[in-house]
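First up is the structure itself, then whatever we jot down about it.
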Amino acid sequence: MALNIVVCVKNTPATTALAVDPSTGKAKLDGIQFALNPFDEYAVEEAVRIKERFPGAKTTALALGPERAEGAVREAIARGVDAGAVAVLPGWEESPYAAAIGLAKAILKLHAESPVHLVLFGKSTNDVASGLVGALVAARLDWPAVISVKKIDAVDEKEATVHRMMEDGVDLVKTPLPAVIGTVKEINDPRLPSLKGKMAAKKAELKIYRDADLGVGAEADAALKAVSLAKLSPFPPRPAGVRVDGVSPQDKAQKLVAILAERRVI
Amino acid sequence: MAKGTLAVVLPIRGSLQPSAYEALTAGKALAGFLGESFDAVVVSGSRGAEFAKDLAARGPGRVHLIENPAFENFSDEACAAPLKRLIEKEGYARVVVVSTINGRLLAARLSAALNAGIAADVWGLSAEGGRVTAKRSLYGGNLIGDFAFASERQVILIQPLSFERAQPQASPGQVVPADSAPGSARAQFVSFEPQPAGEIDLGSAERVVSGGRGLGNADGFKMIRELARVLGAAVGASRAVVDSGWIPYRHQVGLTGRTVRPKLYVACGISGQIQHLAGMSSAANIVAINTDPDCPMMKLASIAVPGDVNEIVPQLIAELKKRKGA
Ligand SMILES: Cc1cc2nc3c(=O)[nH]c(=O)nc-3n(C[C@H](O)[C@H](O)[C@H](O)COP(=O)(O)OP(=O)(O)OC[C@H]3O[C@@H](n4cnc5c(N)ncnc54)[C@H](O)[C@@H]3O)c2cc1C
């Protein structure tokens with residue numbers, strides 16, 4: 001059986017410089033452009049590279065959120081992914097806890113059609129930024145998970161051997177499949193969408209799953225309320241800084257060291 | 001009703017990290033807000049009794065010891081099973097873990113197993129009327145989110161260096177052995193390659209010295225490493241220089257790199273684009289050394305030093321060495 005890879009992607013604001021909308025208490029998103037979450041570019045590229053290594057392998061991009069979530073799926077197709085699916089669950093994308101429940105159900109749908117071997121994720125998102133969704137999806141599916149992966153050494157339909165970037169070095173980890181793999185930027189150097197890819201993205205017919213298809217209706221309330229954004233606020237401005245002037249580099253260095261010593265940071 | 005806060009401590013490669021003491025502080029504070037008990041648990045492959053005793057001296061009422069050679073190399077699947085049993089048996093409502101790679105994986109398993117709401121990279125905690133609120137940064141560190149929990153149980157991953165390290169106290173807590181049968185693990189650790197000796201991890205460093213394109217070339221990192229060495233700091237970098245191959249990716253600070261929260265961040269020849277600031281803007285003290293007095297990093301800095309890094313950094317190293325020698 002050929003390798004079947006799902007890559008989970010999110011459509012996020014193309015900028016992180018967002019203001020708070022006082023009427024909703026959420027980030028002000030009107031007029032903001034959305035794009036493929038930058039971290040997901042690496043997961044998408046890795047899916048495409050594995051496909052290129054394994055003729056016959058199939059790749060599907062899966063997104064969750066409001067209707068516009070499909071933007072990320074189409075961008076993944078433009079970058080070489082074969083097919084796309086969207087779990088249309090508006091508001092669920094705001095909570096990593098809820099998003100993982102919805103994504104896991106959608107993955108099970110894909111898995112039932114054709115067994116999935118690998119589910120790839122980016123490290124985090126540039127909006128909610130929990131870095132948790134991949135691990136939570138694995139937990140919901142009861143599949144093994146390896147996150148922070150900087151290299152996939154060997155992979156076949158049975159198992160994968162990967163290099164995991166840890167705080168203190170690099171682990172080599174072997175996991176049977178199906179499994180969830182979370183990537184980091186070092187894993188590859190993503191290519192830009194090709195013209196052919198962009199055409200395919202425009203034409204692609206996406207699978208659309210709604211709450212009834214996923215059977216999440218009964219769980220929705222608990223999933224969305226378990227943890228939710230109660231308040232969003234800007235960081236208070238940092239206290240004004242001091243400027244170290246001096247007649248020479250040595251003079252400046254001496255003054256800097258004196259300030260650091262006074263502040264007890266050295 | 002579940003009640004009580006539990007800090008989960010995961011030693012790595014046979015040693016206890018100082019961030020474990022930060023989890024004790026966070027957990028004890030949370031339990032204090034809620035007027036409930038605070039305990040800890042250590043999941044260890046070896047030296048468990050020693051670690052448990054150390055932790056017990058720093059605030060928890062009890063420290064459960066889950067020890068089994070199966071935990072020597074971390075496995076989220078192996079650890080989650082006995083922890084879930086412990087949490088259910090004792091009825092804990094809240095679990096506090098440090099946001100590391102291992103912590104994230106384990107916390108996710110516990111969240112799903114217990115249907116507990118979860119938040120990661122939390123740097124502030126409060127509770128009112130029995131409800132917990134966790135503060136964390138969103139949108140590349142530009143906005144603060146207050147996350148309210150409504151689930152009966154909660155899993156909270158704290159950001160390293162956001163809470164004080166708990167100190168030994170007069171009356172130690174009690175160490176109690178717990179059921180230590182591991183869950184069956186599918187993903188298997190094979191081997192480990194440590195980073196070069198003497199390198200300090202960015203994520204838990206109290207001081208960070210970072211270099212950017214202003215260094216001029218890859219050689220500039222020689223003086224950055226030397227400055228880091230005399231300061232006892234970790235070495236960071238901007239994406240521009242990582243992409244240019246001047247230094248490996250593991251040193252990158254920012255949106256697509258690591259997030260740091262040191263007492264001191266020294267930015268050498270880094271302009272301070274929003275994606276870099278995403279990883280370091282909550283440092284307590286920011287020093288910027290830059291030829292452009294108007295760049296964003298110089299404006300953000302607590303201490304701005306206008307000038308050429310290639311002139312100032314060597315003088316800074318010399319001054320710090322003099323001071324050490326004195
Ligand atoms: C999606 C996305 C994600 C990104 N993620 C990250 C990330 O995680 N981390 C990150 O750092 N960037 C990230 N970036 C890149 C970021 O936008 C900047 O390009 C990058 O941070 C710039 O690095 P720099 O400050 O070293 O270089 P520059 O912006 O070129 O700045 C060089 C600085 O050096 C100063 N300088 C020059 N010569 C000297 C001298 N002799 N002495 C002193 N100062 C001197 C200049 O005045 C200038 O301020 C990301 C970008 C995107 C689009």
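The chains referred to below are lettered A, B, ... by the order of the sequence lines, with proteins before strands, and numbering in each begins at 1.
Here the shortest heavy-atom pairing between B:Arg207 and A:Ile266 reads NE-CA, 4.2 Å. Listed here is the closest heavy atom pair of B:Arg186 and A:Asp142: NH1-O, 2.7 Å. Residues B:Gly117 and A:Ala226 approach most closely at CA-CB, 4.0 Å, considering heavy atoms. Nearest heavy-atom pair, B:Ala187 versus A:Pro176, reported as atom, atom and distance to 0.1 Å: N-CD, 4.1 Å. Closest heavy-atom contact between A:Leu136 and B:Ser111: CD2-OG, 3.6 Å. Annotation for A:Ala261 and B:Arg323: closest pair CB-NH2, 3.5 Å, computed over non-hydrogen atoms.
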(request) Report the C-alpha distance between B:Phe189 and A:Asp171 in whole Å, list the side-chain angles of each, state the deciding distance to 0.1 Å, and finish with yes or no for side chain to side chain contact (heavy atoms under 4.5 Å, CB included). (result) CA-CA 7 Å; B:Phe189 169 88; A:Asp171 279 341; 3.3 Å; yes
(request) Decide yes or no on side chain to side chain contact (heavy atoms under 4.5 Å, CB included) for A:Met166 and B:Glu193, but give the supporting numbers first. (result) CA-CA 10 Å; A:Met166 299 294 285; B:Glu193 192 188 317; over 6 Å; no
(request) Evaluate the criterion side chain to side chain contact (heavy atoms under 4.5 Å, CB included) for residue pair A:Arg263 and B:Ser302; output intermediate values, then yes/no. (result) CA-CA 11 Å; A:Arg263 296 193 183 181; B:Ser302 344; 3.6 Å; yes
(message) Does A:Lys185 form a side chain to side chain contact (heavy atoms under 4.5 Å, CB included) with B:Gln252? I'd like the steps, not just the answer.
(response) CA-CA 10 Å; A:Lys185 172 177 167 265; B:Gln252 185 180 318; 2.7 Å; yes
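Listed for the B:Arg136 side chain is a donor-acceptor partner under 3.5 Å among the backbone atoms of A:Ala129. Distance alone, capped at 3.5 Å, places no donor-acceptor pair between the B:Arg250 side chain and the A:Met165 backbone. Looking only at distances, a side-chain donor or acceptor of B:Asn142 sits under 3.5 Å from a matching main-chain atom of A:Thr16.
At a 4.5 Å heavy-atom cutoff, the contact between A:Ala138 and chain B is made by backbone and side-chain atoms alike. Heavy atoms closer than 4.5 Å to chain A are found in the backbone of B:Ala116, but not in its side chain. In this structure, the portion of B:Leu157 lying under 4.5 Å from any heavy atom of chain A is its side chain and not its backbone. B:Ala301 touches chain A through its backbone: at least one of N, CA, C or O sits under 4.5 Å from a heavy atom, while the side chain does not. Contact of A:Pro234 with chain B is made through backbone and side chain together, with heavy-atom distances under 4.5 Å. Heavy-atom distances place the backbone of B:Ala283, and not its side chain, under 4.5 Å from chain A. Neither the backbone nor the side chain of B:Val132 comes within contact range of chain A; no heavy atoms are under 4.5 Å apart. Heavy atoms of A:Ala145 lying under 4.5 Å from chain B belong to its backbone as well as its side chain. Looking at B:Ile274, the atoms closer than 4.5 Å to chain A (heavy atoms on both sides) all sit in the side chain, from C-beta outward. Within the 4.5 angstrom heavy-atom criterion, atoms from both the backbone and the side chain of B:Asn115 approach chain A. When heavy atoms are compared at a cutoff of 4.5 Å, A:Pro13 approaches chain B solely by way of its side chain, counted from C-beta outward. Heavy-atom distances place the backbone of B:Ser281, and not its side chain, under 4.5 Å from chain A. Within the 4.5 angstrom heavy-atom criterion, only side-chain atoms of A:Lys123, from C-beta onward, approach chain B. Proximity to chain A (any heavy atom under 4.5 Å) is shown, for B:Val313, by neither the backbone nor the side chain. Only the side chain of A:Arg238 comes within contact range of chain B, with at least one heavy atom under 4.5 Å from a heavy atom of that chain. Contacts of A:Ile259 with chain B are made by side-chain atoms alone, with heavy-atom separations under 4.5 Å and no backbone atom involved. Neither the backbone nor the side chain of B:Arg131 comes within less than 4.5 Å of any heavy atom of chain A.
Listed options B:Ala80, B:Ser75, B:Ala278, B:Gly141 were ranked by heavy-atom pairs under 4.5 angstrom with chain A; first place goes to B:Gly141. Across A:Val184, A:Leu172, A:Val244, A:Thr125, the residue that shares the most heavy-atom pairs under 4.5 angstrom with chain B is A:Leu172. When the candidates B:Ser282, B:Gly145, B:Pro306, B:Pro194 are compared by the number of heavy-atom contacts under 4.5 Å with chain A, B:Pro306 comes out ahead. Taking chain B as the reference chain and counting heavy-atom pairs below 4.5 Å, the highest number among A:Ser148, A:Ala100, A:Ala160, A:Gly131 is found for A:Gly131. Among B:Thr100, B:Asp243, B:Ile289, B:Asn73, the residue making the largest number of heavy-atom pairs under 4.5 Å with chain A is B:Thr100. Comparing A:Lys225, A:Lys150, A:Glu186, A:Glu159 by heavy-atom pairs within less than 4.5 Å of chain B, the highest count is held by A:Glu186. In terms of non-hydrogen atom pairs under 4.5 Å with chain B, the most contact-rich of A:Asp245, A:Val137, A:Thr175, A:Leu229 is A:Leu229. When each of A:Gly241, A:Pro96, A:Pro144 is checked for heavy-atom pairs under 4.5 Å with chain B, A:Pro144 comes out on top.
Using a 4.5 Å heavy-atom threshold, the side chains of B:Ile144 and A:Phe235 count as touching. In this structure the side chain of A:Val128 never reaches within 4.5 angstrom of the side chain of B:Tyr139, judged on heavy atoms. Residues A:Val227 and B:Gln154 fail the side-chain proximity criterion, which asks for heavy atoms closer than 4.5 Å. Looking at heavy atoms from C-beta onward, B:Ile118 lies in side-chain contact with A:Leu132 at the 4.5 angstrom threshold.
Between A:Thr15 atom OG1 and B:Gln275 atom CD the span is 8.0 Å, to the nearest 0.5 Å. Residue B:Asp201 holds its CG atom at 7.5 Å from CG of A:Asp168, rounded to the nearest 0.5 Å. Here the straight-line distance linking atom CD of A:Glu167 with atom CD1 of B:Ile12 works out to 6.0 Å at 0.5 Å rounding. Interatomic distance, CG of A:Leu232 versus CG of B:Asp146, reported as 8.5 Å (0.5 Å rounding). Between the OH atom in A:Tyr97 and the CZ atom in B:Phe147 there is a gap of 15.0 Å [rounded to 0.5 Å]. The distance from atom CD1 of A:Ile147 to atom CG of B:Asn102, rounded to the nearest 0.5 Å, is 8.5 Å.
Of all residues in residues 246-257 of chain A, those placing a non-hydrogen atom less than 4.5 angstrom from a non-hydrogen atom of chain B are A:Pro249, A:Gln250, A:Lys252, A:Ala253, A:Gln254, A:Leu256, A:Val257. Of all residues spanning residues 17-27 of chain A, those with a heavy atom less than 4.5 Å away from chain B's heavy atoms are A:Ala17, A:Leu18, A:Val20, A:Ala27, arranged by number. Residues of residues 36-45 of chain A having a heavy atom under 4.5 Å from any heavy atom of chain B, listed by number: A:Phe39, A:Tyr42.
Applying the salt bridge (Lys or Arg N to Asp or Glu O under 4.0 Å) rule to pairs touching residues 109-122 of chain B yields B:Asp76-B:Arg109, B:Arg104-B:Asp121, sequence neighbours excluded.
For A:Lys174, the NZ atom sits in a loose shell: 12 or fewer heavy atoms of surrounding residues, nucleotides or ligands are nearer than 6.0 Å.
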